[in-house]
Engineer: 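Handing you a structure now.
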Amino acid sequence: ELLAAGKELTLLGDQGSGTGDEAVARTAMELSRNRCRTAYSLGLDMPMSSEQLMKTGRTLSRNARLAEEESGFSPLYLAAGLLQWLDKSGTPRLAPLLLYPVELKVDNRNQKITLIRSQGEHLGNITLLERLRQDFDLSLDTLADLPENDDGIDLEALLCGVQHAIIGRPGWRVVPASLITTFSFA
């Protein structure tokens, strides 16, 4: 919602965010100040350190800038909501459900990374919609006709709609997480 409203969001590495009620209170306070603590890096079962966050931020920013210079558009997106699924061969897959175009501002001097929404519209993962329709006769039309509320996209309704559509499929689940990375649509 913050990005959709055009707000900037400062990303924070793990600096001992606490546990339980303390962690929830700290997260709420940080979000009210337009700050967001990174929790995990894909493939790692541990919080991302501030140093790793800066390194990752620089890499993503550089890769997005180079791709934009070569192709005319930035492939950097914030993926909100993920679908973990099994393809026809039983291989586990992970796909984003909703994509927001973003930019990363990396301030090396102050060791700060700021996430801002870039120009361009959010989009549901139409490629995933078509693949699941063709391979599994599964309809995820909620990705083409994104649910909305007063604040814009209703992410909770989107995730619930996808969850409902995949009920009874072993190995499939909706992951209520976000990630920032470059995506190729080729």
Engineer: Is it the case that over 12 heavy atoms from other parts of the model lie below 6.0 angstrom from the CG atom of N110?
Structural biologist: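 Yes, CG of N110 has more than 12 neighbouring heavy atoms, counting only those of other groups under 6.0 Å.
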Engineer: How about Y77 and P96: do any of their side-chain heavy atoms sit closer than 4.5 Å?
Structural biologist: no
Engineer: Return the NZ to CG distance between K55 and L60, rounded to the nearest 0.5 Å.
Structural biologist: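 Taking NZ in K55 and CG in L60, the distance rounds to 12.0 Å.
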Engineer: Any link between I126 and L98 through a network of hydrophobic side chains (Ile, Leu, Val, Met, Phe, Trp, Tyr) touching at under 4.5 Å?
Structural biologist: no
Engineer: Would you indicate whether the side-chain heavy atoms of T127 and E130 approach each other to under 4.5 Å?
Structural biologist: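 Counting from C-beta outward, E130 and T127 never come under 4.5 Å.
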Engineer: Any side-chain heavy-atom pair from L128 and L83 closer than 4.5 angstrom?
Structural biologist: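 SC-SC contact between L128 and L83 confirmed.
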Engineer: Quick one: are Q134 and R131 in side-chain contact, heavy atoms under 4.5 Å?
Structural biologist: no
Engineer: Write down the atom of T91, the atom of S89, and the distance for their closest heavy-atom approach.
Structural biologist: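 Where T91 meets S89 most closely, the heavy atoms are OG1-OG, 2.9 Å.
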Engineer: Search all heavy atoms of N108 against all heavy atoms of M54 and return the closest pair with its distance.
Structural biologist: OD1-CE, 3.7 Å
Engineer: Determine whether more than 12 heavy atoms belonging to other residues, nucleotides or ligands lie under 6.0 Å from atom CD of E69.
Structural biologist: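 Yes, CD of E69 has more than 12 neighbouring heavy atoms, counting only those of other groups under 6.0 Å.
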Engineer: Compare every heavy atom of P147 with every heavy atom of T142, then report the nearest pair and how far apart it is.
Structural biologist: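 Looks like OG1-CD, 3.5 Å.
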Engineer: Do L78 and L115 have side chains that get closer than 4.5 Å, going by heavy atoms?
Structural biologist: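 Yes; the side chains approach each other to less than 4.5 Å.
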Engineer: Any chance CG of D137 has more than 12 other-residue heavy atoms, nucleotides or ligands included, within less than 6.0 Å?
Structural biologist: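 Not more than 12 within 6.0 Å, no.
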Engineer: If hydrophobic clusters are built by linking Ile, Leu, Val, Met, Phe, Trp and Tyr wherever their side-chain heavy atoms come under 4.5 Å apart, do L76 and L66 end up in the same one?
Structural biologist: no
Engineer: Answer yes when E68 and R65 have at least one side-chain N-carboxylate O distance shorter than 4.0 Å, and no when they do not.
Structural biologist: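 Between R65 and E68 there is no salt bridge, as every charged N stays at least 4.0 Å from the carboxylate O atoms.
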Engineer: Please determine whether the number of non-hydrogen atoms from other residues, nucleotides or ligands lying under 6.0 Å from atom CD of E156 exceeds 12.
Structural biologist: no
Engineer: Checking side-chain contact (heavy atoms from CB on, under 4.5 Å) between L97 and each of N125, L129, L159, which is the one that passes?
Structural biologist: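 Single pass found, and it is L159.
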Engineer: So, taking the atom named CG in L140 and the one named CG in D145, what distance separates them when rounded to the nearest 0.5 Å?
Structural biologist: 13.0 Å
Engineer: Of all heavy-atom pairs between A165 and S139, which one has the smallest distance, and what is that distance?
Structural biologist: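 Closest approach of A165 to S139, heavy atoms only: CB-O, 4.1 Å.
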Engineer: Where do T114 and D107 land on the side chain to side chain contact (heavy atoms under 4.5 Å, CB included) test, with the steps shown first?
Structural biologist: CA-CA 8 Å; T114 304; D107 181 350; over 6 Å; no
Engineer: Run the side chain to side chain contact (heavy atoms under 4.5 Å, CB included) check on E148 and D154 step by step: do they pass?
Structural biologist: CA-CA 5 Å; E148 295 187 11; D154 188 342; 5.7 Å; no
Engineer: When rounded to the nearest 0.5 angstrom, what is the spacing between OG in S61 and NZ in K105?
Structural biologist: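 The NZ atom of K105 is 11.0 Å from OG of S61, to the nearest 0.5 Å.
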Engineer: Please round to the nearest 0.5 Å and tell me the distance separating atom OH of Y100 and atom CD of E121.
Structural biologist: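 If I round to the nearest 0.5 Å, the distance is 10.0 Å.
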Engineer: Mind checking the CD-CZ spacing from Q163 to R173? Nearest 0.5 Å is all I need.
Structural biologist: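 Here the rounded value is 9.5 Å.
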Engineer: Less than 4.5 Å apart, any side-chain heavy atom of F136 and any of R169?
Structural biologist: yes
Engineer: For a 4.5 angstrom cut-off between non-hydrogen side-chain atoms, does R117 reach H122?
Structural biologist: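 With C-beta onward as the side chain, the pair touches.
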Engineer: If you look at every heavy atom in P75 and A64, which pair is closest and at what distance?
Structural biologist: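 Closest approach of P75 to A64, heavy atoms only: CD-O, 4.0 Å.
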Engineer: Which is it for L158 and L146 under the side chain to side chain contact (heavy atoms under 4.5 Å, CB included) test, yes or no, and what are the steps along the way?
Structural biologist: CA-CA 7 Å; L158 172 66; L146 297 169; 4.1 Å; yes
Engineer: Of V162, I166, L138, L143, which is the lone residue that meets side-chain contact (heavy atoms from CB on, under 4.5 Å) with L132?
Structural biologist: L138
